[in-house]
There are 2 protein chains.
Amino acid sequence: MNFRDLEYLIALEELKHFRKAADKCFVSQPTLSGQIKKLEDELNVQLMERSSRKVIFTPAGLDIVAKAKTILLEAKSLKEIAKSHNEPMRGTLHIGLIPTVAPYLLPVIIPIIKQTFPDLELYLHENQTHVLLKQLEEGELDCLLLALLPGMETFNKLDLYDEPLELALSDKHPWSEKEMIDLNELSGEHVLMLADGHCLRDQALGFCFTAGAIEDNSFKATSLETLRHMISAENGLTLLPQLSIPLNRHQSGVKYVPFQSPSPVRTITLLSRNNSARQVCFDQLAQLIHTAVAERLAEY
Amino acid sequence: MNFRDLEYLIALEELKHFRKAADKCFVSQPTLSGQIKKLEDELNVQLMERSSRKVIFTPAGLDIVAKAKTILLEAKSLKEIAKSHNEPMRGTLHIGLIPTVAPYLLPVIIPIIKQTFPDLELYLHENQTHVLLKQLEEGELDCLLLALLPGMETFNKLDLYDEPLELALSDKHPWSEKEMIDLNELSGEHVLMLADGHCLRDQALGFCFTAGAIEDNSFKATSLETLRHMISAENGLTLLPQLSIPLNRHQSGVKYVPFQSPSPVRTITLLSRNNSARQVCFDQLAQLIHTAVAERLAEY
DNA sequence: TATTTTTAATAGCTTTACTCTATCATAATT
DNA sequence: AATTATGATAGAGTAAAGCTATTAAAAATA
C-alpha cells in the first residue's frame, strides 16, 4: 500500500469509472486496475463490485475510501510542515551565551532580532563556556555567542565583533581622571578577577600576566556586576569588556579608562556545529549582530 | 514519499543511528541512508545533522517525525477497517422485501438472524418487485427477498422456500368447512385481487385463469390485510400465501382451505447481484432463512 | 603519532514493482 | 447480429528500491 494507491482508490470512488479515474490520475487504465486489485489483495477485502456497466463500492470500500482521504490529508499536512521549515529565519532557536556577554549584548540585539525576524522564537541559555560547548555538541543548543578561545576549531565560527577591555576603577583612584592608559602601567598592581570557569577571568589573567600585574586573591567575583560594586567599595582595579561600560565612562562611583593601542581585546563569536542545518540562519543572525554592535560601539 | 520511508525516519529518530535503524527495518544501511536522503530532497528540508558520531534531528525533522507517526497510525487503522470487513456476517445489510412477504416472513426470521449474527446491522426496505430490482441493480440494496419471476436470471438467486397459496373465504361461505379444495373448483367464481404492481396479483391471476376463475373488478386491495378484511365483510374469495395464514386456519371471520396437489405455489428467493462481494453472507443468510421457514411451515 | 574502530556515504549491480501498449472478454446497446 | 463500452489480462519496458562492497572521516586506542 502506498499513497498513490489511495489516490487511485479515491478517484475511482469519485468517478465510479476505471478509465476516467485513470485519466484523472494521469495513468493508464490497466495501471489503475492493477493497483486497485493489488490493494484489494493486500487488504484482503473486496472494495467494489465491477461489471462492464457499473462500479459499486462495498461498505468496506467506502469505509476505506474515507480513511484514505484522511491519510492523504495528513500527508499533505506533512509536506506543509516541511515547507514551513524551509524558511531559515523561522522556528525555535536555542542560543547559549556566556555570563560576561549575555546581560550586555542581549539588550543591544534582541529588539532588532525580534523586529527583523519576527518568526524566530528565541530561547536563551546562560552558562559558562565549557558547559555551552558540551550542550552545543549534544544538540541541546543550536548556537553559542561567546568569546573565541583556542580549542574551538572543530566548530563553525562567525566572528561578530572585537570587544576591547577597559580599566575599571574607583572614581577616587588617582588614575581615574586619565583619558587613556597603557596596559603596562598595571605592572605590580593588584587586580580583581572573576571566579574560576569564566573565560573572561582567564583572558584577563593573561593580559595581567603580560603586563606584570597581580591577581587580588582576597576576592573572586561571581559576576561582572559584583566585580563592579567591589571596585567602587574597595578602591580596586579590574578589566571590564566595553559593552558592560556606560557611555560616559563614569557611573555609581566607578570610572572606566580605555587602554592605549594595542588594547586588550576579546573576540565575540557565533559558534555552531559544522554540519548544522541552519547555517543560513546563523549567517543572517551574525550579520545582524555585527551591524547592531558596530553601531553601539561607535557611540563611545 | 511512501509509508516505508516514514518508518525508516521514525526508526532513525528513535535509535539515532543509521545501521541500527536499518536493522530494525530489516534493510541494509545504505538503503535506509538513501531513502532518508530521498525524503529530504523531496521535502526540501534537512531533517537531521549527521556526523560520524551523532545523529541530531532538526526541529523540522522532529515535527515531521511526529506527523509521520500519526500517518502510520492512520494507515494501521485503515488495515484494521479492512480486517473488520473481512468477516462476512458483519456490517450493514440493506435488504429489499415485497409487501406480500415482509410482514409475514420477518417475524419468523428476524429474531433468529439477530441471535445468530449479532454483528449484522439490517436495514429493511419494503417495495414492489420492479422498484426493488432497480434498487438492487443500482447498488442501493444488497439483496432482495421476493417471489421468483421470469426475467430475474441476470441476478444471483438462492431459493429459500416454496410457499403454497391457500383459499381464503368467509366462515359463512358454503365451502368454509372443506378440509381441502381443488383449484379447478374455482371455475366461474369471482376472486378478489391485490392492486396492480404486486407480483402476487399476477401470480394469483395466472392460477385463476388456468382454473377458469374471474377477477372481481369491483375492488383491488392495496395490501393482504385489506384483502383479508374484505373477504370477511363481503363474503368473497381470494388466494393468500401460507405464511400469512394463522395456524388454525380460522380467525376473525375468515377461514383458509388448502388446495389439493398440485397446489398453486410461489417460490421465495434471495436475489443479489451476480458479482456481489457478499455472496458468502447471502449463502449463510439463505441457509438460516430456509431452516427457519421450514420449521414454521411444518407446523401447519 | 600512528593504528584501529566506528559510522555514514557512495558506487555499481540486481531485483522488484510499477507503468505502458495491445488485446481480450463480457455485457449492454443498436 | 454487430457495435460499443468497460474492465481484465499479457507481456515488455522503466524506474525505484534493494543489496554488497568499498570509501571517507572522525573518534578512540595504542
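Below, read A as the first sequence line, B as the second, and so on, with proteins coming before strands; counting in each chain starts at 1.
- Atom CD in A:Gln29 sits roughly 11 Å away from atom P in D:dT6 (whole-Å rounding).
- Ion pairing of A:Arg19 with A:Asp23 is present here, as a side-chain N (NZ or NE/NH1/NH2) and a carboxylate O approach within less than 4.0 Å.
- Residue-level contact check: A:Gln35 touches the backbone only, with heavy atoms under 4.0 Å from sugar-phosphate atoms and none from bases.
- Regarding contacts with the backbone of C:dC20, a side-chain N or O of A:Thr31 is found under 4.0 angstrom from either OP1 or OP2.
- The separation between B:Glu137 atom CD and C:dA27 atom C1' is 12 Å, rounded to whole Å.
- Across all strands, B:Asn2 comes closer than 4.0 Å only to sugar-phosphate atoms, never to a base (heavy-atom distances).
- Looking at B:Ile113, B:Thr92, B:Asp142 one by one, the single match for side chain to side chain contact (heavy atoms under 4.5 Å, CB included) with B:Leu122 turns out to be B:Ile113.
- Listed in residue order, the members of residues 3-28 of chain B having a heavy atom less than 4.0 Å from DNA chain C are B:His17, B:Phe18, B:Arg19.
- Paired with B:Arg266 under the rule side chain to side chain contact (heavy atoms under 4.5 Å, CB included), one option of B:Leu149, B:Leu146, B:Thr100, B:Asp162 passes, and it is B:Thr100.
- Of the side-chain N and O atoms in B:Ser33, one or more sit less than 4.0 angstrom from OP1 or OP2 of C:dA9.
- A donor-acceptor pair shorter than 3.5 Å cannot be found between the side chains of A:Ser33 and A:Arg50.
- Between B:Lys38 and D:dA17 there is a side-chain N or O to OP1 or OP2 distance below 4.0 Å.
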